Amino acid sequence: MSDRNAELGSLPPLLRVESVSKAFGGIQALHEVSFEVAPGTIHAVIGPNGAGKTTLFNIITGAYPPDEGGVVYAQQEVRGRKVHELVSLGIARTFQNVELFGNMSVLENVLVGQHVRTRCGFLGAIVRGPWVRREERQMREYSMELLEFVGLDGVADHRSSDLPFGWQRFLEIARALATRPHLLLLDEPASGLNAVETHRLGELLEEIRKRGVTLVLVEHDMSLTMGISDRILVLHQGKKLAEGTPREIQANEAVISAYLGKE
Amino acid sequence: MQEFLQYLFSGVTNGAIYAVIALGFTMLYKSTGLINFAQGEFVMLGALSMITLWSGFELSLPLAFLLTIAGVSVVGIILERLAIRSVRKPHPIVLIIITIGASILLRGVAMLGWGKDAHSSPAFSRNEPFEVAGATLLPQSLWILGIVLVIVTALHFFTRGTLTGKAMQACAINKRAAWLLGIPSETMVLLAFAMSAGMGAVGGILIAPISMSSYDMGMTLGLKGFCAAMLGGLGSSWGAVLGGLLLGILEALGVGFFSSSLKDGIAFLLLLLILYVRPAGILGARAVHRF
Amino acid sequence: MRNILFAVAILLAGLGISSPYHFQLLTFIGIHTLLALGLNMLMGYAGQISLGHAAFYGIGAYTTAILTAHFNWSPWLALPAALFLAVLIAFLVALPMLKLSGYYLGMGTLGFGMITYVLIREWSGFTGGDSGLVGIPPLEIGPVSLSSGRACFYVVWGTVVLGFIVCERLVNSRVGRALRAIHDSEQAACAMGINTAQLKISVFMLSAFLAALAGFLYAHLVSFISPNTFDFLTSIRIVTMVVIGGMASIWGSLLGATLITLLPEWLHIFSDYEMVVYGLVLMVIMIFLPQGLTRGLLDIYERSKRRAGVPSTTAKG
């Protein structure tokens, strides 16, 4: 693992968060947080509830701007761009509480994921010329591939809200992958999963990384985080407490006393 | 100048009424996040009930006043209990359709009850008009301004000074947290509905002597009240008052200097303008909830 | 396939019917279906509401009426003008409001509908005011006048079939899926890169387009229009059609339009109770079957059917 770190370290970072601060009313959610994510790595963000992890995600995806500091993704400033623009630039995310399109089928959820990678508009849909039909066919094929990848191809026609919760999490990942991201942000992907599912999730994330997608995840499940992450960022009360490889984090005094020390 | 003053008087009079209607919207929005499309119908019910109770049944003025407010508040409570509370998916579109349905229902019932004719009530007191710098000021205008002032002050002390008022605000900020602290949030929502309906009734009572009232007056007045509330900043009580007065004055000036057919257009143009330029309104501190 | 059957049914109905009264009734059902279809796209698929849809209906009717009756334009030239004007106005109205939450569009369209009604009545030099506008020429294709009951019937229902095909294609396309996605979870739709505000504005324009088209047909088929056809109650009638037929159901528009058109014909005392009935229908359906009558009943049916089949699912959360 350390070999790959050295090798990837020479590449410019895919994501650079530069002393980002954000306050809501009187609460300082983030205070001068900086870190970099090298392409092709898995980066975990950990910290107790209220440490500012989800806020960090929302800032990276452009849901709201930071008060101070900036986010640079693939050498481009994120500030001022709309969420949907960032998706087409290659940033995808999943949600802590699973936000599926509940009334739509499993397949349709993944089809929506390809929205930014396809172009059929109102007129195209009405005329439905050959290129539109070809695009639609390709979309369906790719969606089925992704569903197969996460193991949901058997339930493609089910209403997504009818799936068991764990399956919904996997569907959400497939849907995020459908946007063809370079950077995938996962907000607590293991929460609500049982041990078997968590194990499968770990394998899946490794697999996604091997396909060239850079991953940033917020996670509470320590065995998962320590097992798959290349680097870990520890947030505590909106501030960066530590950053390093899993081994370094496990040995870090400040982290142990603030967070892991509970054990 | 004299002409201007005359328009100003009539603008402030109407504006005060819009302010009360706007307060009705604001009340409910603050404590439930809901915009009630039937708010204007409470005004209509207030006006027609007042006319019936006072001119028809010849009750004393204060009694008719109180009975009307109580009656319309009960309608508000029934609406909340039977319709709003039973909604399973509180998506805006569902709530809009339910309240607009309530609005049509109330309008239809009023048409059956009061007929299609317009009615009006006599002025609250029969004094001669005053003359101020060459412009005439009707005593009824003073009644209206006085009553609105009393209501706004009372409301201010209610939200700031009483336990119930504070509890209501707490519910508005965080319903769950308020519930955990033992505030009966359902009762608070019910109270907000009753008060907001009562506020609409007051608007109707005030309007009854100065213009003709009929079953179909509610929608226009509701829209103007909403416009006033938006103008001042939805959710701000003082903003509602300011927005109401501003709308009333602009309307009066528009009617005076341009054309009377323009009157109802002004409110809508203002509404569009405020949505384009500053959706938070003049005094709206919080940003308008987007998405 | 369904559309072909539908077209054949219309063809046969047109041949089989001979009573002018029935033709007229069916023509109105067709026009109302177009109105309901447009609003259904907005309410059912984009989750937004228009409480002033009669305004776009009126803009379509009055634009073509003024251009053809006052300025002697050919109806076929007036058609694009009417459609363009309605779509442009829809864009301007929706632009500020669709970026805000649903309530603002509701209030805004309500006001817009009222102001359009006032304008039609006040601008009597062109519109004829309360007394209406007469002398709108019938539609013609070459030497063939489409003024007979049967011709009107075919024109309107031909348009309805086209409207159905267009809307069905839209719903099952990338755009339609994006719309349904917004309706299910706006937050997630945004995270999928969907430009929600732009899409909502487009659908609003589409629904105005269909309403203006209905207005165009109405003006030329009836040859006389007056403001009352485009008042607030008409807007509510269209909303009621959508709610009865079921939101997000294209065929539901047909059902809703049929019921709301026939109800006053069947129940003559209905007119006095019209508002009470609409009010109650809107409230009751929204409280108990928020998906609308057809979808709601279908959901209940499917749930009872599925109870045995699919493996048990854990509750969310």
Side-chain angles (χ1 to χ4, degrees), chain B residues 29 33-38 79 82-89 91-112 215-216 219-220 222-224 226-227 230 234 259 261-265 267-269 271-277 279 288-291, chain C residues 43-44 46-49 51 92-93 95-97 99-108 110-119 121-123 182-183 186-187 190 196-197 232-233 235-236 239-240 242-243 247 272-288 290-291:
Chain B
Y29 181 76
L34 179 85
I35 290 171
N36 180 9
F37 281 68
L79 175 66
L82 291 188
I84 307 293
R85 192 174 294 186
S86 1
V87 176
R88 279 179 246 157
K89 291 185 191 168
H91 193 279
I93 193 173
V94 172
L95 293 170
I96 291 175
I97 297 175
I98 289 176
T99 53
I100 202 91
S103 154
I104 299 292
L105 176 65
L106 290 175
R107 200 198 259 230
V109 170
M111 191 189 85
L112 295 176
Y215 75 98
D216 59 355
M219 204 47 82
T220 317
L223 196 71
K224 286 183 184 174
F226 178 75
C227 175
M230 282 295 292
L234 202 53
S259 143
S261 56
L262 239 137
K263 192 181 176 204
D264 293 341
F268 176 64
L269 285 178
L271 182 60
L272 264 189
L273 202 69
I274 200 99
L275 288 173
Y276 268 111
V277 184
V288 174
H289 178 67
R290 281 175 189 262
F291 301 119
Chain C
M43 282 170 63
Q48 302 292 311
I49 196 169
L51 296 173
L92 292 177
V93 169
L95 197 57
M97 284 175 263
K99 290 184 182 160
L100 305 166
S101 83
Y103 293 114
Y104 299 92
L105 188 71
M107 247 343 151
L110 183 68
F112 171 69
M114 282 170 40
I115 221 59
T116 309
Y117 177 67
V118 170
L119 273 181
R121 287 179 58 177
E122 296 292 328
W123 202 22
I182 295 177
H183 196 26
E186 187 143 349
Q187 196 189 12
C190 232
T196 52
F232 172 65
L233 201 56
S235 293
I236 293 302
V239 173
T240 315
V242 173
V243 168
M247 289 201 257
D272 277 347
Y273 293 88
E274 192 179 11
M275 286 193 283
V276 176
V277 172
Y278 289 167
L280 281 176
V281 162
L282 289 177
M283 292 173 76
V284 169
I285 293 185
M286 273 301 114
I287 293 169
F288 297 107
Q291 291 288 358

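Labels below follow one simple rule: chain letters A, B, ... track the order of the sequence lines, proteins then strands, and each chain is numbered from 1. In this text the structure is predicted, and so the values were computed from the model without any measurement.
- Looking at B:M219 and C:F232, their side chains come closer than 4.5 Å, going by heavy atoms from C-beta outward.
- With a 4.5 Å cut-off on non-hydrogen atoms, B:I35 touches chain C through its backbone and its side chain both.
- Residues C:M107 and B:L223 are in side-chain contact: their nearest non-hydrogen atoms beyond the backbone lie under 4.5 Å apart.
- Taking B:G101, B:G222, B:A267 one by one and counting their heavy-atom pairs under 4.5 Å with chain C, the maximum is reached by B:G101.
- Once rounded to the nearest 0.5 Å, the distance linking CG of B:L82 with CD1 of C:I287 reads 8.0 Å.
- For the atom pair C:Y103 OH and B:L234 CG, the distance stands at 10.5 Å (nearest 0.5 Å).
- Proximity to chain B is limited to the side chain of C:I236, based on heavy atoms less than 4.5 angstrom apart.
- When all heavy atoms are compared, the tightest approach of B:L105 to C:M283 is CD2-SD, 4.0 Å.
- Going from atom CZ of C:F112 over to atom CG of B:L271 covers 13.0 Å, rounded to the nearest 0.5 Å.
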Next item on the list: Kindly determine whether C:L51 and B:I96 satisfy side chain to side chain contact (heavy atoms under 4.5 Å, CB included), including the steps that lead there.
Entry: CA-CA 10 Å; C:L51 296 173; B:I96 291 175; 4.0 Å; yes

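- Using a 4.5 Å cut-off between heavy atoms, B:L79 touches chain C through its side chain atoms alone.
- Within the structure, side chain to side chain donor-acceptor pair (under 3.5 Å) contacts touching residues 94-104 of chain B (residues at least two apart or in different chains) are B:E41-B:S103.
- For the pair B:F268 and C:V118, the minimum side-chain heavy-atom distance is 4.5 Å or more.
- When the ring-ring contact (aromatic ring centres under 6.0 Å, His included) test is applied to B:F37, no partner is found at least two apart in sequence or on another chain.
- There is no contact between B:L106 and chain C, counting heavy-atom distances below 4.5 Å.
- Here the CD-CD1 distance, from C:E274 to B:I104, works out to 9.5 Å after rounding to the nearest 0.5 Å.
- In this structure, C:L282 CG and B:I97 CD1 are separated by 7.0 Å, a value rounded to the nearest 0.5 Å.
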